[in-house]
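So the structure is just underneath, and the comments pick up after that.
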Number of protein chains: 2
Amino acid sequence: MSQRNTVVTDQVTDCPLPEVLRLIGDKWCIQILVELGAGPRRFTQLERAIEGVSRRMLTLNLRNLERNGLVTRTVHPDAPPSVEYAITPLAEDVREPLELLARWARGAIPALVAARQEYDARARG
Amino acid sequence: MSQRNTVVTDQVTDCPLPEVLRLIGDKWCIQILVELGAGPRRFTQLERAIEGVSRRMLTLNLRNLERNGLVTRTVHPDAPPSVEYAITPLAEDVREPLELLARWARGAIPALVAARQEYDARARG
DNA sequence: CAGTATCCAGGTTGATACTG
DNA sequence: CAGTATCAACCTGGATACTG
């Protein structure tokens, strides 16, 4: 999760894909975006919605998303504290490409499973 | 790179995206697929084309791609050995979704950079 | 509530040397 | 040529305890 400023700086070729993947490739980013896609959420709401995420990782991933302009964080000056997260238009725009990717994944799963079984069978044989 | 058999097994929700990202999210996978998209390549060709990849990682990534049915590996019984890698139709199909994602990335870069500058400025301030 | 600080286990990667 | 084997460094992530 350390600084990964590579999205533009050192991208010489015309394929930004490796950078995008690092951008949204943090372990919980997608699930955060999906959850926030349904509407703004508070920290604990996210923590409960995203099964298995640790407090630490949720924080780090949110900070990263915020830093990259994909998520906004608004603090309401209440007691007890209340912080609301929401996705930005920029993040909205990435939903469609991601949905296509997801669609491909759903279609590809049978072939993937088959490929693995065959590979593993051969690897053992 | 250890076994990650999760693509189907434990996916309860209807969002396969985290799994896809692990599938093609290995550090060099995309670059391998892009390179092979231009035509079959031999091991050393890939090693030279993909700047910064170590022999070890190239091997591991290729094995993973092969296991998932995204790349084929054909050994020509020559001396010296000759091994040719190529992408499968399954991998061809993923190029379009990935291209859309790349297109989004290219468009989003200015906003990303701006978001970061602002965030980092505030973080220091 | 919404984090931060700390510690640690484990996984991932690169460098390097070796092999059929 | 096309790898495998080994080792060390690094990074990531989870658990936990603490705080405004």
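Residue numbers start from 1 in every chain, and the chains themselves are labelled A, B, ... in the order their sequence lines are given, proteins ahead of strands.
Summarising the geometry of A/Asp120 relative to B/Arg67, their closest heavy-atom pair is OD2-NH1, 2.6 Å, with the distance given to 0.1 Å. Among all heavy-atom pairs drawn from A/Trp28 and A/Glu51, the shortest one is CZ3-O, 3.6 Å. Nearest heavy-atom pair, B/Asn61 versus B/Lys27, reported as atom, atom and distance to 0.1 Å: OD1-N, 4.3 Å. B/Ala102 and A/Pro16 get closest at one heavy-atom pair: O-CG, 3.7 Å.
Salt-bridge annotation for A/Glu92 and A/Arg95: present, with a side-chain N of the basic residue lying under 4.0 Å from a carboxylate O of the acidic one.
Atom P of nucleotide C/dA15 and atom CG of B/Leu60 are separated by 14 Å, given to the nearest angstrom. Summarising the geometry, the separation between CZ on A/Arg22 and C1' on C/dT12 is reported as 11 Å, rounded to the nearest angstrom. Rounded to whole angstrom, the span from the CZ atom of A/Phe43 across to the P atom of C/dT4 amounts to 8 Å. Rounded to an integer number of Å, the gap from CD of A/Glu47 to C1' of D/dT16 is 13 Å. Residue B/Met57 contributes atom CE, which lies 11 Å from atom C1' of C/dG11 at whole-angstrom precision. In this structure, CD of B/Gln45 is placed 16 Å from C1' of D/dG3, rounded to the nearest angstrom. Following rounding to the nearest Å, B/Arg55 (CZ) and C/dA15 (P) show an atom-to-atom distance of 12 Å. Rounding to whole angstrom units, CG of residue A/Asp26 and P of D/dC11 are separated by 15 Å.
In terms of phosphate contacts, A/Thr44 brings a side-chain nitrogen or oxygen within less than 4.0 Å of OP1 or OP2 of C/dA2. For B/Arg42 and D/dA2, the shortest distance from a side-chain N or O to OP1 or OP2 is below 4.0 Å. Phosphate contact (OP1/OP2 of D/dT4, side-chain N/O of B/Arg63, threshold under 4.0 Å): present.
For the pair B/Leu90 and B/Val94, the minimum side-chain heavy-atom distance is 4.5 Å or more. A/Leu23 has its side chain within reach of B/Leu112: a pair of non-hydrogen atoms, C-beta onward, lies under 4.5 Å apart. No side-chain heavy atom of A/Ile32 sits less than 4.5 Å from a side-chain heavy atom of A/Asp26. No side-chain heavy atom of B/Trp104 sits less than 4.5 Å from a side-chain heavy atom of A/Glu96.
Of the residues in residues 28-36 of chain B, those lying under 4.0 Å from DNA chain C by heavy-atom distance are B/Trp28. The stretch residues 72-85 of chain A touches DNA chain C through A/Arg73, A/Pro80, A/Pro81, A/Ser82, A/Val83, A/Tyr85, each having a heavy atom under 4.0 angstrom from the strand.
In this structure, the nucleotide among C/dA5, C/dA2, C/dG14 sitting nearest to the side chain of B/Lys27 is C/dG14. Here D/dA5 is the nucleotide among D/dA15, C/dG3, D/dA5 with the atom lying nearest to any side-chain atom of B/Arg56.
For A/Val34, the side chain to side chain contact (heavy atoms under 4.5 Å, CB included) partners two or more places apart in sequence, or in a different chain, are A/Ile30, B/Cys15.
Sorted by first and then second residue, the side chain to side chain donor-acceptor pair (under 3.5 Å) pairs with a member in residues 72-82 of chain A read A/Arg73-A/Tyr85; sequence neighbours excluded.
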In residues 35-44 of chain A, what donor-acceptor pairs under 3.5 Å come from side-chain atoms, sequence neighbours left out?
residue	atom	partner	partner atom	Å
A/Glu35	OE2	A/Arg41	NE	2.9
A/Arg41	NH1	A/Gly39	O	3.4

Given Watson-Crick and G-U pairs under 3.5 Å, DNA chain D in dot-bracket ([ ] crossing, | other strand) is ||||||||||||||||||||
